[in-house]
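All remarks here apply to the structure that follows.
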Protein chains: 2
Amino acid sequence: MKTSTPAAGSAAPHLIADAVELVHSYPQMPLTVDCVIFGFDENKLKVLLIRSDLEVYKGKWSLLGDIVKQTEELDDAAYRVLRERTGMTDVYLKQVQAFSSLNRHPGGRVVTVAYCSLLNIRHHELQITDNELHWQNVRSLKDMAFDHKEIIDACYNWLQKRIQEHPLGFNLLPEKFSLRELQNLYEAILNVELDRRNFRKKFFSMDFLIDTGELEEDVNHRPGKLYQFNFEKYEKSKRKWIGIDF
Amino acid sequence: MKTSTPAAGSAAPHLIADAVELVHSYPQMPLTVDCVIFGFDENKLKVLLIRSDLEVYKGKWSLLGDIVKQTEELDDAAYRVLRERTGMTDVYLKQVQAFSSLNRHPGGRVVTVAYCSLLNIRHHELQITDNELHWQNVRSLKDMAFDHKEIIDACYNWLQKRIQEHPLGFNLLPEKFSLRELQNLYEAILNVELDRRNFRKKFFSMDFLIDTGELEEDVNHRPGKLYQFNFEKYEKSKRKWIGIDF
DNA sequence: ATTGAATGTGTATTAATTACATGAATTTTC
DNA sequence: GAAAATTCATGTAATTAATACACATTCAAT
């Protein structure tokens, strides 16, 4: 998953043995990943939660997470959680932050690395059959297990910032979307109201939207045009951005 | 260091015991922190390195890092490294990213969390007596131990981005600085040339610079005014920032 | 006193952001 | 099927921010 810098791969065996011995002397601790999985539905930003499997937290909601295996990279562990829980593979996923409070887990010292994931709540692969799972409004979280409220807050802040600088939002929408849907998404995530005309102007001037020529269906008013995001063109443009401002 | 959400602190003892048993069944692994300590000197961005203590990496430079203790938070471990190595306490320090490649350490699986630290290279508390330490130009790194080149690159990218949105840069300068020094800092970090008049206009319009009334000394040309950054005023302003752009 | 080098400031141009109003397409209502 | 209601689609003027650019001032060195 991560590009790896081979670490002294061809060094003499006794040197490696020394290093191995050193590492064996290091204190060890359990490491987990927790996925903050965002979805967008009914014009609200949602997060996917599961009932805590700990009796101490009975009834409380928690994030989807798991231990990191001895020979597993963090990204892979997070993808594994996503795959096992949602059945989805090509999902947006980024590491956000490690949390290490000593008392964050009632069972003892557990360090966790939080990941932010974005997916389309209507995606056909997404089979949330487990009735212990549910999508909850991001702004009505309370009484969560562990430090998961804090973790979600961190990921939500991260998302609010990131979505303004990178085209992440499209991961939350269907492949084809109307401009109104896109604006609703931004308004929900940023918790602001935006002027429709200026919003459209902004996105059109970026010139990354492809007009599919299709129209919305099953909508009880004049249907809007459907667009796709031109990821290919975006990748090529890669703007260099200087704008000191604080 | 981190605000901690007490985890089911008052739950029944047998429930805690269950949780403890669960955590004991988790795989464990060594965890370290690595500090990317930036300094600014001779109009160049520098990073503080130390000779690797591993024989496998004999002669190569590495970051300042250490193991995370069983009952130590990540932030505290990073601060400890800073304190022990530089003698400095009130230092800018932020977690950046965890690195977990399986082969990143020749002695076996070691996950590390990278921190970005900024300090004034001339600070009187900074005692780099150890001649195994040295400040190296960020843009002339090669042949580093572990994946430390990759870690520095990540922190450097993080810094380039962050410094445009938050007043971090001042941590690299003396308390009182000239506008020219400030501009040199930005130019060095962002690797661009900026127009002097527009740069000044920009900073003055933010209105966070305090004119100390003092002038530069020991400079063989017309001395510039010395300014301080008004952190207090900045903290109060906390602009809310909406600017979709990518 | 003259030269050199860096500081300090202002203005005109361009680009980006904001505020704001009307006509067109489609569904619902009567 | 005509009228009402709703949402889509678009343009322009005013403001604000970013950029490009030139000259007078201060101090040090000679």
Side-chain angles (χ1 to χ4, degrees), chain A residues 42-43 163-165 167 173-174 176-188 190-228 237 239-246, chain B residues 42-43 161 163-165 167 173-174 176-188 190-229 237 239-246:
Chain A
E42 294 169 324
N43 292 339
I163 200 179
Q164 298 185 54
E165 299 174 4
L173 294 175
K176 297 171 183 180
F177 50 85
S178 70
L179 265 182
R180 162 60 63 184
E181 288 175 291
L182 186 61
Q183 184 176 342
N184 286 342
L185 176 69
Y186 272 84
E187 290 183 338
L190 298 177
N191 200 24
V192 291
E193 295 213 335
L194 300 169
D195 181 90
R196 196 157 50 91
R197 291 159 288 188
N198 293 335
F199 182 84
R200 300 166 79 86
K201 203 187 306 175
K202 184 82 198 175
F203 267 93
F204 286 138
S205 74
M206 288 188 222
D207 206 29
F208 292 133
L209 293 182
I210 303 168
D211 186 338
T212 65
E214 298 171 54
L215 295 175
E216 284 182 300
E217 285 172 27
D218 309 321
V219 78
N220 64 342
H221 53 73
R222 171 177 178 184
K225 290 186 186 177
L226 292 177
Y227 297 88
Q228 285 180 288
S237 76
R239 71 178 293 187
K240 172 134 187 176
W241 215 60
I242 305 270
I244 301 159
D245 231 336
F246 44 83
Chain B
E42 293 170 324
N43 291 339
K161 197 165 137 52
I163 201 179
Q164 297 185 56
E165 299 173 6
L173 294 175
K176 297 172 184 180
F177 50 85
S178 70
L179 266 183
R180 163 58 63 184
E181 287 175 294
L182 186 61
Q183 183 175 342
N184 286 341
L185 176 69
Y186 272 83
E187 290 183 337
L190 298 177
N191 200 24
V192 291
E193 294 214 335
L194 301 170
D195 181 272
R196 193 160 50 94
R197 290 158 290 186
N198 293 336
F199 182 85
R200 300 165 79 89
K201 205 188 302 175
K202 184 81 197 174
F203 266 93
F204 286 138
S205 75
M206 289 189 221
D207 208 27
F208 291 134
L209 293 182
I210 303 168
D211 187 338
T212 63
E214 298 171 55
L215 295 175
E216 283 181 300
E217 286 172 29
D218 308 321
V219 78
N220 66 341
H221 52 74
R222 173 178 176 183
K225 289 186 186 178
L226 292 176
Y227 297 90
Q228 284 179 290
F229 187 78
S237 76
R239 71 177 291 188
K240 174 137 184 174
W241 215 60
I242 306 270
I244 301 159
D245 229 335
F246 45 84

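Chain naming here is simple, since letters A, B, ... match the order of the sequence lines and numbering starts at 1 in each.
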First of P223(B) and H221(A) reached from the 5' end of DNA chain C, by closest nucleotide: P223(B)
Any N/O donor-acceptor pair, R200(B) side-chain to dG8(C) base, under 3.5 Å: no
Among dA20(D), dT9(C), dA9(D), the nucleotide that comes nearest once only the side chain of R196(A) is considered: dA9(D)
salt_bridge(R180(B), E216(B)) N-O dist < 4.0 Å: no
Value in whole Å for how far the P atom of dA17(D) lies from CD1 of I244(A): 16 Å
Presence of R197(B) side-chain N/O under 4.0 Å of dA20(D) phosphate oxygens OP1/OP2: no
Distance-only donor-acceptor test (3.5 Å): side chain R222(A), base dA9(D): no
Protein-nucleotide distance (Q183(A), atom CD; dT7(D), atom C1'), rounded to Å: 12 Å
Gap between atoms NZ and P, on K225(B) and dC27(D) respectively (whole Å): 12 Å
Nearest-angstrom distance from the residue atom CZ of F204(A) to P of dT17(C): 16 Å
Whole angstrom value for the distance that separates C1' of dT13(C) from CG of N198(B): 12 Å
Sole candidate of L185(A), N184(A), L209(A) that passes side-chain contact (heavy atoms from CB on, under 4.5 Å) when paired with F177(A): L209(A)
Parallel, tilted or perpendicular: rings of F246(B) and F208(A) (30°, 60°): parallel
Rounded distance in Å - CZ (F203(A)) to P (dT10(D)): 16 Å
Phosphate OP1/OP2 of dT17(C) contacted by K201(A) side-chain N/O (<4.0 Å): no
Closest non-hydrogen atom pair, I242(B) against L194(A): CG2-CD2, 4.5 Å
Contact summary for I163(B) and Y186(B), nearest pair of heavy atoms: O-OH, 3.2 Å
D245(B) CG - dA17(D) C1' separation (whole Å): 13 Å
Length of the line joining L179(B):CG and dT9(C):C1', which is rounded to integer Å: 12 Å
N/O (side chain, R180(B)) to phosphate O (OP1/OP2, dT7(C)) under 4.0 Å: yes
Side chain N220(B) and base dA29(D) donor-acceptor under 3.5 Å: no
K202(B) side-chain N/O to dA18(D) phosphate OP1/OP2 under 4.0 Å: yes
